[in-house]
Amino acid sequence: MDTNLVVYNTLTRKKEKFEPINPPFVGMYVCGPTVYSDVHLGNSRTFISFDIIYRYLAHLGYKVRYVRNITDAGHLEGDRDEGEDKFAKKAKLEKLEPMEVVQKYTIGFHDVMRIFNTLSPSIEPTATGHISEQIEMVKEIIDNGYAYEVGGTVYFDVEKYNKDYPYGQLTNRKLEDLLEGTRELSGQDEKKGRLDFALWIKAKPETLMKWPSPWGWGFPGWHIECSAMSTKYLGETFDIHGGGMDLQATHHTNEIAQSQACNNTTPVKYWMHTNMLTVNGARMSKSAGNGFLPRELFTGDHPLLERGYSPMVVRFFMAQSHYRSTLDFSNEALQAAEKGFQKLIKAGETLHKLTAASESTVTINEIKTKCYQAMDDDFNTPVLIAHLFDLVRIINSVNDGKEKLSQSDLEEAKKLYQSFVFDVLGLQQELLESTENSGLTGDLIDLILNLRLEAKKNKDFATADKIRDELTEKGVKIKDTKDGFEWEIE
RNA sequence: GGUCGCGUGGCCGAGUGGCUAGGCAGCGGUCUGCAAAACCGUGUACGGCGGUUCGAAUCCGCCCGUGACCUCCA
């Protein structure tokens with residue numbers, strides 16, 4: 001199959017035509033969360049971005065195997081292979097078993113993903129579930145001469161590797177430059193090279209999460225899980241590997257080195273990285289303490305938030321910027337997104353009430369072409385949304401009787417709307433009022449508004465306005481129509 | 001210090017060597033008893049200074065500002 005899709009490849013720093021290795025199949029691996037704490041909004045952005053990418057690939061007809069891991073072991077506090085285990089630390093803090101920590105935050109992560117309407121990956125493997133695969137991989141790397149063991153810990157020999165392959169390729173750096181930015185080895189260090197990193201780490205007596213291995217009891221290094229699991233489920237070379245930009249320099253660089261050293265082949269054809277979410281211009285991060293939890297955002301329970309914003313508003317807000325751009329968070333920007341989102345969704349409702357004319361006065365096909373062009377250009381969702389607002393204008397104009405759509409164009413418009421708003425962008429209608437509309441409350445509001453209608457007919461505008469003002473104050477928005485009214489609860 | 005970005009009208013945010021991005025807000029109009037919604041019209045934006053070019057916000061150079069990574073974080 002042939003498409004016009006072009007993707008930006010971090011590896012080459014260029015946009016490239018997307019040509020999967022085994023079409024129509026596409027293998028995509030995305031680095032998932034380390035489940036030792038709540039995911040914040042910045043994390044969510046990456047997964048929402050890749051959700052849209054996944055959805056669009058599927059929409060184009062690719063058979064995508066989407067693998068997103070759960071890191072539930074082996075992630076140390078520092079990346080110098082000497083810090084405390086993140087799970088053990090959290091477990092101590094919360095007086096839990098490490099696996100209880102894992103369970104708690106895995107469930108929390110899934111909840112957030114569901115609320116944001118992201119599709120589940122095809123496979124969601126865990127590090128602890130693939131210890132033997134990781135051990136096999138480490139053995140292989142040792143056999144190939146790119147790793148060495150010191151007292152139960154196995155290190156990757158970066159300088160050796162760099163003689164054969166470009167270690168700093170992903171971030172366009174030379175080994176010398178990398179070495180410069182690294183501290184000297186201290187007398188106590190057991191690694192040979194300053195850039196060497198652990199593939200397998202010897203357990204200390206107090207280590208809780210540990211497994212037997214050829215090098216004694218220990219646990220895997222952080223990077224090896226992704227190499228092992230991507231190889232297992234997607235093969236030695238697969239199409240897309242994604243993750244946040246912050247993983248590029250260390251995690252992904254090491255991942256490439258490990259896979260290459262083990263399998264003797266380049267692991268990934270297209271590397272894709274999403275940019276950071278910022279707050280007041282600075283990166284949202286756990287350590288900076290400026291990270292929002294999704295829950296705080298929805299309820300507005302955060303000092304920086306004026307009020308809450310719904311999950312779909314947030315999703316729409318994110319889609320309004322390109323995944324490779326930073327996105328800055330502010331109340332003003334969110335409120336603008338909220339209005340835009342509502343406009344888009346309302347037009348969708350209007351679309352289904354339209355009646356067809358004998359012929360069209362506007363063309364839908366042109367917009368459709370532009371929508372595909374936008375997404376084909378490295379998943380350019382902000383441009384896609386701009387075109388969808390052209391469709392919105394047409395829908396509303398037809399509704400106002402100013403433009404006309406033929407039956408076939410009307411069908412085309414519905415299809416277009418469904419495809420891009422719901423299937424690709426993954427937005428949903430948030431009809432909080434729908435249950436209320438059908439209940440007693442709805443009946444009562446209809447009753448009141450019918451009384452108001454009579455007042456209007458009698459030119460008793462004082463009463464009519466009073467009813468409207470008071471209902472508005474209670475959150476019932478009223479729109480008068482030609483021969484009646486519409487209302488909705490805010 | 002090294003690597004890579006970014007700087008677009010009131011706010012957010014795309015983009016292209018010459019042709020309207022879009023959303024929100026504002027202003028004027030249509031509609032309406034008045035509103036709301038919708039629609040129409042409206043903004044001569046691209047950090048600064050040079051250079052290339054018939055033409056640059058878009059390419060090049062320098063400068064200023066700012067951010068990310070190089071140390072845990074998507």
Side-chain angles (χ1 to χ4, degrees), chain A residues 10 13 30-34 36-37 39-50 75-80 83-84 86 168 171-174 176-183 222 242-251 253 273-278 281-288 291 316-317 320-322 324-341 343-344 346-347 350 370 374 377 380-390 392-393 395-397 399-403 456 459-461 464-465 468-469 472 477-482 485-487:
Chain A
T10 309
R13 293 175 298 286
V30 174
C31 286
T34 302
Y36 71 101
S37 65
V39 284
H40 67 234
L41 215 61
N43 301 308
S44 306
R45 185 194 184 195
T46 292
F47 302 127
I48 289 171
S49 295
F50 281 104
H75 205 153
L76 301 184
E77 277 283 291
D79 203 40
R80 301 214 189 262
E84 203 176 347
K86 285 187 172 177
T171 46
N172 194 27
R173 269 175 271 199
K174 294 191 172 71
E176 303 83 75
D177 299 335
L178 287 166
L179 282 165
E180 244 172 64
T182 320
R183 61 163 193 184
W222 174 35
M245 245 173 210
D246 50 345
L247 299 180
Q248 193 180 328
T250 306
H251 184 56
T253 290
H273 290 95
T274 56
N275 215 135
M276 300 294 105
L277 198 61
T278 61
R283 172 181 170 186
M284 183 180 284
S285 75
K286 287 176 187 173
S287 51
F316 177 78
F317 170 70
Q320 271 190 307
S321 81
H322 188 86
R324 281 190 289 114
S325 300
T326 53
L327 174 61
D328 200 54
F329 231 61
S330 69
N331 284 286
E332 215 180 345
L334 278 166
Q335 281 162 25
E338 187 172 74
K339 291 228 172 166
F341 173 69
K343 186 171 168 179
L344 183 64
K346 274 181 199 158
T350 304
K370 284 181 177 171
D377 183 14
N380 200 327
T381 52
V383 170
L384 168 67
I385 289 173
H387 296 319
L388 289 175
F389 275 107
D390 285 341
V392 166
R393 191 166 23 76
I395 292 168
N396 287 328
S397 294
N399 191 230
D400 285 358
K402 288 169 182 159
E403 302 283 359
K456 275 175 66 183
K459 307 256 186 238
D460 180 5
F461 296 122
D465 289 353
R468 183 173 62 198
D469 290 347
T472 302
K477 268 213 289 200
I478 292 154
K479 273 190 256 178
D480 288 350
T481 59
K482 214 169 184 149
F485 52 80
E486 287 174 8
W487 61 270

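So you know, we letter chains A, B, ... as the sequences are listed, proteins then strands, and number each from 1.
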Please tell me which of D400(A) and L41(A) maps to the more 5' nucleotide of RNA chain B, matching each residue to the nucleotide holding its nearest heavy atom.
->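 The residue closer to the strand's 5' end, by nearest nucleotide, is D400(A).
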RNA chain B: K459(A) or T274(A), which has the more 5' nearest nucleotide?
->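 It is K459(A), whose closest nucleotide lies nearer the 5' terminus.
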Rounded to whole angstrom units, what separation is found between the [atom1] atom of [X] and the [atom2] atom of [N]?
X	N	atom1	atom2	result
L179(A)	U3(B)	CG	P	15 Å
Q248(A)	U3(B)	CD	C1'	10 Å
N399(A)	C31(B)	CG	C1'	13 Å
R173(A)	G2(B)	CZ	C1'	8 Å
N275(A)	G13(B)	CG	C1'	14 Å
K456(A)	U32(B)	NZ	P	12 Å
E486(A)	A38(B)	CD	P	12 Å
L334(A)	C12(B)	CG	P	12 Å

Which part of the nucleic acid, if any, lies within contact of [X], taking any heavy atom under 4.0 Å across all strands shown: a base, the sugar-phosphate backbone alone, or nothing?
X	result
M245(A)	nothing
L327(A)	sugar-phosphate
G243(A)	sugar-phosphate
L277(A)	base

Does the distance from a Lys or Arg side-chain N to an Asp or Glu carboxylate O, for K370(A) and D390(A), drop under 4.0 Å?
->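 No, K370(A) and D390(A) are not salt-bridged.
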Kindly point out which of A74(B), C39(B), G13(B) is positioned nearest to the side chain of D328(A)?
->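 Looking only at heavy atoms from C-beta outward on D328(A), the closest nucleotide is G13(B).
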Nearest-nucleotide pick for F461(A), side chain only, options being A36(B), G33(B), A38(B) |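 Nearest nucleotide to the side chain: G33(B).
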Is there a donor and acceptor pair, one atom on the side chain of D465(A) and one on the base of G33(B), closer than 3.5 Å?
->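 When only heavy-atom distances are counted, D465(A) does reach the base of G33(B) through a donor-acceptor pair under 3.5 Å.
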With a 3.5 Å cut-off and just heavy-atom distances, do the side chain of D480(A) and the base of C34(B) make a donor-acceptor pair?
->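 Looking at the base of C34(B), it does pair with a donor or acceptor on the side chain of D480(A) (distance under 3.5 Å).
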[atom1] atom, [N] versus [M]: distance in rounded Å?
N	M	atom1	result
U3(B)	C11(B)	P	33 Å
U66(B)	U8(B)	P	14 Å
G41(B)	G22(B)	P	11 Å
G65(B)	G48(B)	P	15 Å
A57(B)	G9(B)	C1'	12 Å
C46(B)	U16(B)	C1'	12 Å
A37(B)	C64(B)	C1'	47 Å
G7(B)	C12(B)	C1'	15 Å

Supply the atom-to-atom distance C31(A) SG to D246(A) CG, rounded to the nearest 0.5 angstrom.
->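 So the SG of C31(A) and the CG of D246(A) are separated by 10.0 Å.
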Just how far is it from atom CZ of R393(A) to atom CD of E403(A), taken to the nearest 0.5 Å?
->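 Answer rounded to 0.5 Å: 9.0 Å.
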Evaluate the ring planes of F341(A) and F316(A), with Trp represented by its six-membered ring, and classify them as parallel (under 30°), tilted (30 to 60°) or perpendicular (over 60°).
->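 Plane angle between 30° and 60°, so tilted.
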Considering all heavy atoms of both residues, which atom of [X] and which atom of [Y] are nearest to each other, and what is their separation?
X	Y	value
V383(A)	A374(A)	CG1-CB, 3.6 Å
A347(A)	I395(A)	O-CG2, 3.4 Å
R324(A)	M245(A)	O-CE, 4.2 Å
T274(A)	F50(A)	CG2-CE1, 3.5 Å

From the options N275(A), L277(A), T278(A), select the one residue that forms a side chain to side chain contact (heavy atoms under 4.5 Å, CB included) with L327(A).
->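 Of all the options given, the one that passes is L277(A).
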Phosphate-side-chain proximity, N43(A) and A74(B), N/O vs OP1/OP2 below 4.0 Å |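 For A74(B), OP1 or OP2 has a side-chain N or O of N43(A) closer than 4.0 Å.
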Quick one: is U3(B) close enough that its OP1 or OP2 comes under 4.0 Å of any side-chain N or O from N172(A)?
->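 No.
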What is the pairing partner of [N], taking Watson-Crick or G-U wobble pairs with both distances under 3.5 Å in any strand?
N	result
G5(B)	U66(B)
C19(B)	none
C59(B)	G51(B)
A45(B)	none

Just by protein heavy atoms under 4.0 Å, how would nucleotides 14-27 of chain B read 5' to 3' in B, S and -?
-> SS-----BSBSS--
Answer whether the closest heavy-atom distance between the side chains of T253(A) and R173(A) falls below 4.5 Å.
->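 The answer is no; the side chains never approach within 4.5 Å.
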